[in-house]
Amino acid sequence: MLDPFTTRIIEVIKSIPEGRVATYGQIAAMAGDPRATRQVVWVLRSLSEKENLPWHRVINSKGAISLSGEGYDAQRRALEAEGVRFSGNGTVVLDLFQWRGQSRD
DNA sequence: GCCATGGCTAGTA
DNA sequence: GCCATGGCTAGTA
């Protein structure tokens, strides 16, 4: 069984709307512990498939994709396919695409 | 570029 | 120990 905090992380990730991104730290904070960024990473790595998470919508605080190689390509394609645009330096402009939470979407 | 953070995992005894 | 982080500092130009 999953502990409550892990469950909240999953809920937050699932609520990122299509075409928006969220950062690891943001998800941790929304789930209730701003320091739990590493747990967010763990959830993404180990539960993405089982829980059907929109893992590709999670990026780092600089707006960059943290994966490399194949993973980078897959994530970038998935994001571009739903309308997220990348600037010249290969990062997402967070001001434009970062999800700000339920109310502001 | 360095390091605090926190929870899991692999691998040894 | 490992990390799909993040934030702050030192040191160069």
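Numbered from 1 within each chain, the chains take letters A, B, ... in sequence-line order.
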Can you list every pair that meets salt bridge (charged side-chain N to carboxylate O under 4.0 Å, His left out) and has a residue in residues 55-74 of chain A, with sequence neighbours left out?
A:Arg57-A:Glu82
Can you give the dot-bracket line for DNA chain B, where a pair is Watson-Crick or G-U wobble with both atom distances under 3.5 Å, crossing pairs use [ ], and | marks a partner on another strand?
||||.|||.....
Rounded to the Å, how far apart are A:Leu44 CG and B:dC8 C1'?
15 Å
Side-chain donor/acceptor pairs under 3.5 Å, residues 28-38 of chain A, sequence neighbours excluded:
residue: A:Asp33; atom: OD1; partner: A:Arg35; partner atom: N; Å: 3.0
residue: A:Asp33; atom: OD1; partner: A:Arg35; partner atom: NE; Å: 3.4

Among residues at least two apart in sequence or on other chains, which ones pass side-chain contact (heavy atoms from CB on, under 4.5 Å) with A:Asn89?
A:Ser87, A:Thr91
Sorted by chain and residue number, the side-chain contact (heavy atoms from CB on, under 4.5 Å) partners of A:Ser61 (sequence neighbours excluded) come out as none
Side chain to side chain donor-acceptor pair (under 3.5 Å): pairs with one or both residues in residues 1-13 of chain A, sequence neighbours excluded
A:Asp3-A:Thr6
Heavy atom of residues 45-84 of chain A under 4.0 Å from DNA chain B: which residues?
none
Could you give the distance from CD (A:Glu18) to CG (A:Leu79), rounded to the nearest 0.5 Å?
11.0 Å
Show your working on side-chain contact (heavy atoms from CB on, under 4.5 Å) between A:Tyr24 and A:Val41 and close with a plain yes or no.
CA-CA 7 Å; A:Tyr24 300 92; A:Val41 169; 3.8 Å; yes
From CD1 (A:Ile10) to CG (A:Leu2), nearest 0.5 Å:
5.0 Å
What is the distance from CG of A:Leu2 to P of B:dC8, rounded to the nearest Å?
11 Å
Every protein N/O within reach of nucleotides 1-6 of chain B N/O, cut-off under 3.5 Å:
residue: B:dG6; atom: OP1; partner: A:Arg35; partner atom: NE; Å: 3.1
residue: B:dG6; atom: OP1; partner: A:Arg35; partner atom: NH1; Å: 2.6
residue: B:dG6; atom: OP1; partner: A:Arg35; partner atom: NH2; Å: 3.4

Begin with the C-alpha distance, continue with both residues' side-chain angles, and end with the deciding distance and a verdict on side-chain contact (heavy atoms from CB on, under 4.5 Å) for A:Trp55 and A:Glu49.
CA-CA 9 Å; A:Trp55 60 273; A:Glu49 189 166 9; over 6 Å; no
Set of side-chain contact (heavy atoms from CB on, under 4.5 Å) partners for A:Ser46, sequence neighbours left out
A:Trp42
Partner set under side-chain contact (heavy atoms from CB on, under 4.5 Å) for A:Val92, not counting sequence neighbours:
A:Val21, A:Ile59, A:Val84, A:Phe86, A:Phe97
For A:Glu80, give me all partners under side chain to side chain donor-acceptor pair (under 3.5 Å), at least two apart in sequence or on another chain.
A:Arg76
Quick one, A:Gln26 with A:Trp99, criterion side-chain contact (heavy atoms from CB on, under 4.5 Å). Give me CA distance, side-chain angles, the key distance, then yes/no.
CA-CA 9 Å; A:Gln26 173 189 358; A:Trp99 176 50; 4.2 Å; yes
Review item, nucleotides 11-13 of chain C N/O atoms under 3.5 Å of protein N/O:
none

